[in-house]
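Data block below; observations after.
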Amino acid sequence: MALKLIVLVKQVPDTKNITAKAMKADGTVNRGELPAIYNPEDLNACEMALDLRERYGGFITVVTMGPPRAADILRESLYRGVDRCVLLTDRAFAGADTLATSYTLALAIRKAGEFDLVLCGRQAIDGDTAQIGPQVAEKLGINQITYVQRVRENAGREIILSRNLGRVAETIKTRLPLLITVTSSANQPRTFGAKLTMKYKKARTHMEIERELNRRTASEDAVNRKYAELDKRGLIIETWSAADLNADLGSIGLAGSPTKVKKVENIVFATSKAKNIEPTEKGIRKLLDELIEEHTFG
């Protein structure tokens with residue numbers, strides 16, 4: 001059975017490049033000071049969706065919520081072979097915690113149309129909460145399975161999956177529709193397709209078209225003509241605002257986020273004492289003797 005697949009992805013700060021400017025005084029991430037990347041486990045979810053489409057046929061919609069520059073990871077998704085991309089962007093979405101984010105994503109999934117399977121990464125590297133997937137499933141009123149390693153079989157409205165629980169594996173049979181979260185060990189995400197990259201490198205959101213044509217001088221007709229041209233070629237990345245989702249303004253962004261940062265502390269790691277170990281057999285032997293004497297090992 002062909003599957004209607006929706007993948008939830010996120011653009012996150014590259015935590016390998018943390019600097020002193022990475023955090024704001026209010027405890028939120030200063031995203032402008034960090035390079036932005038595709039959340040790693042969301043790539044695994046995207047790869048699983050692509051594999052399922054190859055096995056069973058179907059259609060893949062990728063959805064992300066973020067600032068306009070989050071369109072970059074949607075283009076990356078197109079380069080890998082997904083069918084449709086949607087960017088949820090609105091100043092009203094800013095400051096959202098997991099509850100407000102999952103509410104917004106659930107609205108977008110309903111607006112996107114019928115679906116069989118929603119896939120997302122186990123967690124994002126910026127928040128590490130692993131809450132978005134389960135909360136979206138709850139708001140959609142559908143079953144969820146976390147830590148999915150593999151979809152073993154899809155038969156009609158039933159699906160069999162394997163979960164990676166660390167020391168044990170679990171096989172589950174359930175019915176669609178379903179939301180799953182995918183682990184980093186599930187697969188190896190494919191690289192960009194050369195033909196797809198050449199085709200979709202010109203894919204744009206409406207805001208990007210305005211910016212590239214110079215919003216201050218370009219006429220509305222010029223923007224609309226460019227939009228129509230790209231749309232005809234399948235090169236439009238859809239953008240939805242809070243109004244497009246008919247969102248309750250009290251349930252999105254900062255207004256819909258009960259989680260607050262109470263206090264932020266800057267921690268500096270410092271050693272109380274240090275020893276210089278000579279890079280000789282004698283120096284190493286002395287270090288080993290001390291470690292054994294202190295019962296560090298041995």
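On a predicted model such as this, the values are computed, not experimentally measured, just so you know.
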Subject >> NZ/NE/NH1/NH2 to OD/OE distance under 4.0 Å, Lys286 and Asp289 >> reply: no

**OP:** Can you see which heavy atom on Ser77 is nearest to which on Tyr38, and at what distance?
**Re:** OG-OH, 2.9 Å

Subject >> Contact summary for Ala96 and Thr101, nearest pair of heavy atoms >> reply: CB-OG1, 3.4 Å

Original post:
Rounded to the nearest 0.5 Å, how far does CG of Leu117 lie from OH of Tyr56?
Top reply: 11.0 Å

**OP:** Examine the side chains of Gln149 and Thr183 and answer whether a donor and an acceptor come within less than 3.5 Å of each other.
**Re:** yes

Original post:
Rounded to the nearest 0.5 Å, how far apart are SG of Cys85 and CD1 of Ile60?
Top reply: 10.0 Å

Original post:
At their closest point, which heavy atom of Ser257 faces which heavy atom of Gly95, and how far apart are they?
Top reply: OG-O, 3.4 Å

Subject >> Hphob cluster co-occupancy, Val118 + Met65, side-chain heavy atoms under 4.5 angstrom >> reply: yes

Original post:
Sequence neighbours excluded, which residues qualify as salt bridge (Lys or Arg N to Asp or Glu O under 4.0 Å) partners of Glu220?
Top reply: none

Subject >> Residues forming a ring-ring contact (aromatic ring centres under 6.0 Å, His included) with Tyr227, sequence neighbours excluded >> reply: His206

Original post:
Is the side chain of Ser251 donor-acceptor paired with the backbone N or O of Ala247 at a distance under 3.5 Å, no angle test?
Top reply: no

**OP:** Show your working on side chain to side chain contact (heavy atoms under 4.5 Å, CB included) between Leu88 and Thr64 and close with a plain yes or no.
**Re:** CA-CA 6 Å; Leu88 310 177; Thr64 192; over 6 Å; no

**OP:** Rounded to the nearest 0.5 Å, what's the gap from CZ on Phe115 to CZ on Phe59? Could you check?
**Re:** 15.5 Å

Original post:
Any ring-ring contact (aromatic ring centres under 6.0 Å, His included) pairs touching residues 150-199, not counting sequence neighbours?
Top reply: Tyr79-Phe192

**OP:** For the residue pair Ser185 and Asn164, confirm or rule out a side-chain donor-acceptor distance under 3.5 Å.
**Re:** yes

**OP:** Report the distance from atom CG of Leu87 to atom OG1 of Thr89, rounding to the nearest 0.5 Å.
**Re:** 5.0 Å

Subject >> Residue pair Asp72, Arg75: steps toward the salt bridge (Lys or Arg N to Asp or Glu O under 4.0 Å) verdict >> reply: CA-CA 5 Å; Asp72 290 341; Arg75 271 184 288 274; 2.8 Å; yes

**OP:** Specify the closest pair of heavy atoms between Asp90 and Ala242, including all atoms of both residues, with the distance to one decimal.
**Re:** OD2-N, 3.0 Å

**OP:** Work out which heavy atom in Leu5 is nearest to a heavy atom in Ala49; give both atom names and the distance.
**Re:** CD1-O, 3.5 Å

**OP:** Taking only Lys NZ, Arg NE, NH1 and NH2, and the carboxylate oxygens of Asp or Glu, determine whether Glu54 and Arg190 approach each other closer than 4.0 Å.
**Re:** yes

Subject >> By salt bridge (Lys or Arg N to Asp or Glu O under 4.0 Å) - contacts of Arg157 (at least two apart) >> reply: Asp116

**OP:** May I ask you to check whether over 12 heavy atoms, not counting those of Lys139, lie within 6.0 Å of atom NZ?
**Re:** yes

**OP:** Kindly work out whether a path of hydrophobic side-chain contacts (I/L/V/M/F/W/Y, heavy atoms less than 4.5 Å apart) joins Leu105 to Leu99.
**Re:** no

Subject >> Residues in salt bridge (Lys or Arg N to Asp or Glu O under 4.0 Å) contact with Glu170, at least two apart in sequence or another chain >> reply: Arg163

**OP:** Heavy atoms only: give me the nearest Ala106-Leu140 pair and the separation to one decimal.
**Re:** O-CD2, 3.7 Å

Original post:
Between NZ of Lys226 and CD1 of Ile236, what distance do you get to the nearest 0.5 Å?
Top reply: 9.5 Å

Original post:
Is any side-chain N of the basic residue among Asp221 and Arg225 closer than 4.0 Å to the acidic one's carboxylate O?
Top reply: no

**OP:** Please name all residues satisfying salt bridge (Lys or Arg N to Asp or Glu O under 4.0 Å) with Arg233, sequence neighbours left out, ordered by chain then number.
**Re:** Glu229

Subject >> hydrophobic_cluster_shared for Val182 and Val63, side chain cutoff 4.5 Å >> reply: no

Original post:
According to a 4.5 Å side-chain heavy-atom criterion applied to Ile, Leu, Val, Met, Phe, Trp and Tyr, with indirect links allowed, do Val9 and Leu196 form part of one hydrophobic cluster?
Top reply: yes

**OP:** Mind checking the CD1-CG spacing from Ile125 to Asp14? Nearest 0.5 Å is all I need.
**Re:** 6.5 Å

**OP:** Could you tell me whether Arg80 and Glu76 have a side-chain N and a carboxylate O separated by less than 4.0 Å?
**Re:** yes

Original post:
Within a strict 4.5 Å, meaning less than it, do heavy atoms of the Asp83 and Arg53 side chains meet?
Top reply: yes

Original post:
Shared ILVMFWY cluster between Leu254 and Tyr103, side chains joined below 4.5 angstrom?
Top reply: no

**OP:** Give a yes or no on whether the backbone of Ile132 and the side-chain of Gln135 come within a donor-acceptor separation of less than 3.5 Å.
**Re:** no

